[in-house]
There are 2 protein chains.
Amino acid sequence: MTVQSEQIERQSGIAMWRQIADAIRAGLAGPLVDADGKLPPEKVLAERFGVNRHTVRAAIRALAHEGVVQSHQGRGTFVRRKRRLTYPIGQRTRFSQGLEGQAANRSTELLAHGREQAPADIARALDIETGTGVVRLESVGLADGVPVSRATYWFDAERFGTIADVFARSGSVTRALAQLGVTDYVRAWTRIEARHGAVDDLDHLRLSPGAIVLVTEAVNADMDGRPVQYSLTRFAADRVSLQVGGD
Amino acid sequence: MTVQSEQIERQSGIAMWRQIADAIRAGLAGPLVDADGKLPPEKVLAERFGVNRHTVRAAIRALAHEGVVQSHQGRGTFVRRKRRLTYPIGQRTRFSQGLEGQAANRSTELLAHGREQAPADIARALDIETGTGVVRLESVGLADGVPVSRATYWFDAERFGTIADVFARSGSVTRALAQLGVTDYVRAWTRIEARHGAVDDLDHLRLSPGAIVLVTEAVNADMDGRPVQYSLTRFAADRVSLQVGGD
DNA sequence: TCTGGTTGTCTATAACAATAGATAAATTGG
DNA sequence: CCAATTTATCTATTGTTATAGACAACCAGA
């Protein structure tokens with residue numbers, strides 16, 4: 001992707017240290033860092049962004065808190081993660097398989113689950129009546145120990161009432177559905193939006209306030225075309241890109 | 001989409017008026033506004049967000065500047081645009097056709113064009129040698145007079161050296177390509193990211209600083225599979241959603 | 001071991017963001 | 001027309017953000 005030399009603006013309602021943190025984070029893959037993953041010294045960064053060194057320090061402090069960089073007194077500040085994960089979206093979209101080869105360890109963690117009555121939009125997506133019982137799962141997807149996605153899944157309670165237990169044991173939606181009789185499924189549609197992360201999401205994704213999340217809203221259907229699962233997934237926008245088609 | 005009651009945070013590096021502006025903008029389609037498109041009074045909003053009325057006013061001032069809402073003394077504050085455009089992404093992705101039925105007037109405006117030598121990433125996408133001459137077009141896409149996308153296109157100069165003129169006259173990539181012998185093309189792949197808008201983009205999209213842009217990086221290929229066009233499109237994230245498959 | 005380069009910490013000041021309260025001006029509905 | 005509702009404007013105060021300068025602590029290499 002072509003590098004856009006991100007400028008910062010004063011009096012924009014966004015603190016300059018935050019804008020600089022965002023700019024540094026976005027530029028980590030580019031010419032900002034050298035081969036060793038070392039950032040330019042604070043003094044240089046301050047000159048480049050046209051701000052005081054203390055302001056740059058506030059930005060770096062935020063990035064260090066996020067786990068993106070790490071500073072060492074006397075040595076410099078170093079990037080901890082560089083590559084952005086590319087997450088394919090298509091007919092056969094699955095979380096773990098999509099990241100094969102990009103991350104050594106991939107896992108999904110179940111945060112919570114419960115039953116509720118389907119609100120109108122979810123009922124429509126699952127092609128059931130509004131108010132029908134649905135199971136909701138809340139999960140976090142990790143790649144190499146770093147959280148990349150925060151998903152909420154809904155299933156028809158009548159068909160998949162026990163999926164929470166199965167999911168908790170197997171740690172995978174695909175495997176859980178397989179055990180409940182859905183041996184194969186395809187992605188019916190995916191809608192993609194972007195917004196600032198909600199507090200809960202930022203928390204689980206270890207992002208700082210103001211960070212962007214890519215939101216995918218999707219429905220998976222079984223081979224008969226019946227909707228099986230409705231999901232709302234929030235990706236840490238600076239850790240992933242979504243790809244439709246290609247390679 | 002399920003509404004997330006967006007919370008606001010203090011001392012996050014993002015001014016509260018900006019967080020509130022973002023929250024209001026995100027909630028415009030929801031229960032925040034009544035049937036007439038009228039926002040709750042400033043006093044009520046201030047209570048709901050737990051801030052002073054002046055802070056809400058700062059948020060509304062920013063939204064009014066963006067053109068999202070309009071205030072009238074004594075009457076209230078009203079939403080000017082409500083619906084989010086859904087932009088389909090698939091094999092036959094085209095800008096104007098995808099928005100048919102969603103906006104009465106759709107147009108594309110050519111901002112600038114020029115020739116340059118292809119950098120490595122663009123050359124790879126177009127399957128040509130690095131340094132080969134390419135034509136670059138800069139454009140803005142509008143729906144009902146509101147800018148929704150800011151695109152940069154690259155074409156192989158050898159095949160499409162005159163495309164800037166043709167595009168300027170026809171106002172459409174599809175028609176311009178047709179006149180240059182590419183009667184049909186398909187979307188080879190699309191990659192989607194989200195980030196804070198660069199200054200230039202915010203300017204053309206009439207967004208305020210800190211706004212989010214959805215970035216699609218895509219390649220269109222002719223029916224022989226030869227890449228025809230590489231594009232980098234920035235959508236105003238609060239005005240569009242991207243949809244893959246479905247309806 | 002010394003020197004230059006780098007991050008860490010401290011103090012002080014100026015600019016901006018948020019709160020608080022009061023009052024004016026415009027609109028709507030009775 | 002009057003009263004209630006709502007946005008617009010003003011003053012004042014407090015807390016957060018950004019700037020400025022100085023110096024300490026630490027590291028790597030000569």
Side-chain angles (χ1 to χ4, degrees), chain A residues 7-24 32-80 208-210, chain B residues 7-24 32-80 208-210:
Chain A
Q7 266 177 275
I8 59 166
E9 264 186 306
R10 285 160 198 271
Q11 299 180 8
S12 63
I14 302 189
M16 295 178 61
W17 61 264
R18 171 138 298 289
Q19 295 185 58
I20 290 167
D22 292 340
I24 291 176
L32 192 70
V33 298
D34 67 11
D36 303 340
K38 183 171 180 295
L39 259 69
E42 294 169 353
K43 195 182 159 195
V44 174
L45 287 173
E47 280 165 12
R48 187 168 311 178
F49 288 109
V51 299
N52 191 276
R53 194 186 134 219
H54 292 288
T55 310
V56 168
R57 283 184 59 73
I60 288 175
R61 197 185 313 133
L63 291 173
H65 183 76
E66 273 179 55
V68 177
V69 302
Q70 196 162 13
S71 294
H72 300 277
Q73 188 169 358
R75 287 178 55 209
T77 302
F78 297 82
V79 179
R80 295 183 62 179
S208 49
Chain B
Q7 266 177 275
I8 58 166
E9 265 186 308
R10 284 158 199 273
Q11 296 181 12
S12 61
I14 301 187
M16 295 176 63
W17 61 266
R18 172 138 295 291
Q19 294 185 59
I20 290 167
D22 292 340
I24 291 176
L32 192 70
V33 298
D34 68 11
D36 304 339
K38 181 173 183 292
L39 259 70
E42 294 169 352
K43 196 183 159 193
V44 174
L45 287 173
E47 280 165 10
R48 187 168 309 176
F49 287 110
V51 299
N52 191 275
R53 197 186 130 221
H54 292 288
T55 310
V56 168
R57 282 183 60 73
I60 288 176
R61 198 185 312 135
L63 291 174
H65 183 75
E66 271 180 55
V68 177
V69 301
Q70 196 162 14
S71 296
H72 301 277
Q73 187 169 357
R75 287 177 57 207
T77 301
F78 298 82
V79 179
R80 297 182 60 177
S208 48

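What's counted below: heavy atoms across the whole structure, side chains too, no hydrogens, waters or symmetry copies. Chain letters run A, B, ... following the sequence lines, proteins first, then strands; residues in each count from 1. Computed from a prediction, not measured in an experiment: that's the story for all the values here.
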Ranking dT17(D), dT19(C), dT19(D) by distance to the side chain of His54(B), first place goes to dT19(C)

Applying side-chain contact (heavy atoms from CB on, under 4.5 Å) to Glu47(A) and not counting sequence neighbours gives Lys43(A)

Taken to the nearest whole Å, CE/Met16(A) to C1'/dT16(D) is 15 Å

Between the protein and nucleotides 23-30 of chain D, which nitrogen or oxygen pairs come in under 3.5 angstrom?
| unit_1 | atom_1 | unit_2 | atom_2 | d |
| --- | --- | --- | --- | --- |
| dA25(D) | N3 | Gln73(A) | NE2 | 3.0 |

Arg53(B) meets the salt bridge (Lys or Arg N to Asp or Glu O under 4.0 Å) criterion, sequence neighbours left out, with Glu42(B)

Looking only at dT6(D), dA18(C), dA8(D), the nucleotide nearest the Pro41(B) side chain is dT6(D)

Ile14(A) CD1 to dA15(C) C1', in whole Å, measures 18 Å

Closest to the side chain of Val51(B), out of dT19(C), dA8(D), dT7(C), is dT19(C)

Separation of dT19(C) atom P from Phe49(B) atom CZ, nearest Å, is 13 Å

Whole-Å distance, Leu45(A) CG to dA18(D) P, equals 16 Å

Q. Just to confirm, is there a sub-4.0 Å distance from OP1 or OP2 of dT19(C) to any side-chain nitrogen or oxygen of Thr55(B)?
A. yes

Bend of the helix from dT1(C)-dA30(D) to dG30(C)-dC1(D) from end-axis comparison, five pairs per end, nearest 10°, comes to 30°

Residues passing the side-chain contact (heavy atoms from CB on, under 4.5 Å) test with Arg61(A), sequence neighbours excluded, are Ala58(A)

Thr55(A) meets the side chain to side chain donor-acceptor pair (under 3.5 Å) criterion, sequence neighbours left out, with none

Rounded to whole Å, the CZ-C1' distance (Arg57(A) to dT19(D)) equals 15 Å

Practice prompt. Answer yes or no: is there a side-chain heavy-atom contact under 4.5 Å between Ile60(A) and Leu45(A)?
Written response: yes

Look at the side-chain N and O atoms of Thr77(B) and state whether any lies under 4.0 Å from the OP1 or OP2 oxygen of dT7(D). yes

Whole-Å distance, Leu39(A) CG to dT6(C) C1', equals 13 Å

Taken to the nearest whole Å, CD/Glu42(A) to P/dA22(D) is 18 Å

Rounded to whole Å, the CH2-P distance (Trp17(B) to dT17(D)) equals 14 Å

